[in-house]
Amino acid sequence: MNEINKFTKEFYDRKTIELAVKAYSEIAQFKITEDNDYYYCDILSYKYDPDLVLNEFSNYVLGTMKI
């Protein structure tokens with residue numbers, strides 16, 4: 001399994017991703033990195049299935065975006 005979520009900078013902002021990382025802090029620990037085009041959220045540790053955590057984390061980020 002690839003334990004990294006990739007978020008395009010064209011759509012997502014770092015602050016929203018950081019807020020999601022904080023909201024998920026009791027479920028998983030993440031490391032945020034970035035390049036010119038993407039933010040990467042690497043899941044470092046988790047309490048539940050990592051696929052489930054990453055999918056739900058992505059949904060949370062999307063749901064909290066102010067579009």
Side-chain angles (χ1 to χ4, degrees):
M1 181 206 143
N2 185 3
E3 295 178 357
I4 296 177
N5 271 6
K6 182 166 77 169
F7 299 94
T8 180
K9 288 183 173 182
E10 289 181 29
F11 188 75
Y12 296 94
D13 63 87
R14 185 177 179 108
K15 184 173 181 165
T16 301
I17 295 168
E18 288 172 345
L19 290 172
V21 166
K22 185 175 180 181
Y24 268 65
S25 65
E26 292 187 26
I27 297 170
Q29 299 301 309
F30 294 90
K31 176 183 174 186
I32 302 172
T33 57
E34 63 183 282
D35 61 21
N36 290 333
D37 299 316
Y38 295 96
Y39 298 109
Y40 302 92
C41 292
D42 184 6
I43 188 169
L44 304 175
S45 63
Y46 40 87
K47 289 186 176 181
Y48 304 101
D49 175 66
D51 284 327
L52 177 63
V53 171
L54 288 175
N55 288 335
E56 294 301 327
F57 178 79
S58 295
N59 290 338
Y60 186 90
V61 172
L62 184 60
T64 57
M65 297 253 327
K66 293 183 169 106
I67 306 172

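- Thr64 meets the side-chain hydrogen bond (donor to acceptor under 3.5 Å, both in side chains) test with no other residue; sequence neighbours excluded.
- The structure places OH of Tyr60 at 10.0 Å from OG1 of Thr16, a figure rounded to the nearest 0.5 Å.
- Considering CG of Asp13 and NZ of Lys15, their distance stands at 8.5 Å, rounded to 0.5 Å.
- Atom OG of Ser58 is separated from atom NZ of Lys6 by 12.5 Å, given to the nearest 0.5 angstrom.
- Atom CZ in Phe30 sits 7.0 Å away from atom CG in Asn5 (nearest 0.5 Å).
- In this structure, Leu44 CG and Glu3 CD are separated by 9.0 Å, a value rounded to the nearest 0.5 Å.
- Sorted by first and then second residue, the pairs that involve residues 23-34 and meet side-chain hydrogen bond (donor to acceptor under 3.5 Å, both in side chains), not counting sequence neighbours, are Lys9-Glu34, Arg14-Glu34.
- Nearest heavy-atom pair across Leu62 and Phe11 is CD1-CE2, 3.6 Å.
- Residues Phe7 and Met65 share a hydrophobic cluster, clusters being chains of Ile/Leu/Val/Met/Phe/Trp/Tyr side chains in contact below 4.5 Å.
- Shortest non-hydrogen contact noted between Ile4 and Leu54 is N-CD1, 4.0 Å.
- By the 4.5 Å heavy-atom criterion applied to side chains, Ile17 and Tyr40 are not counted as neighbours.
- For the residue pair Tyr48 and Glu56, no side-chain donor N or O sits within less than 3.5 Å of a side-chain acceptor on the partner.
- Taking Tyr39 as the reference, nothing meets the side-chain hydrogen bond (donor to acceptor under 3.5 Å, both in side chains) condition, with sequence neighbours excluded.
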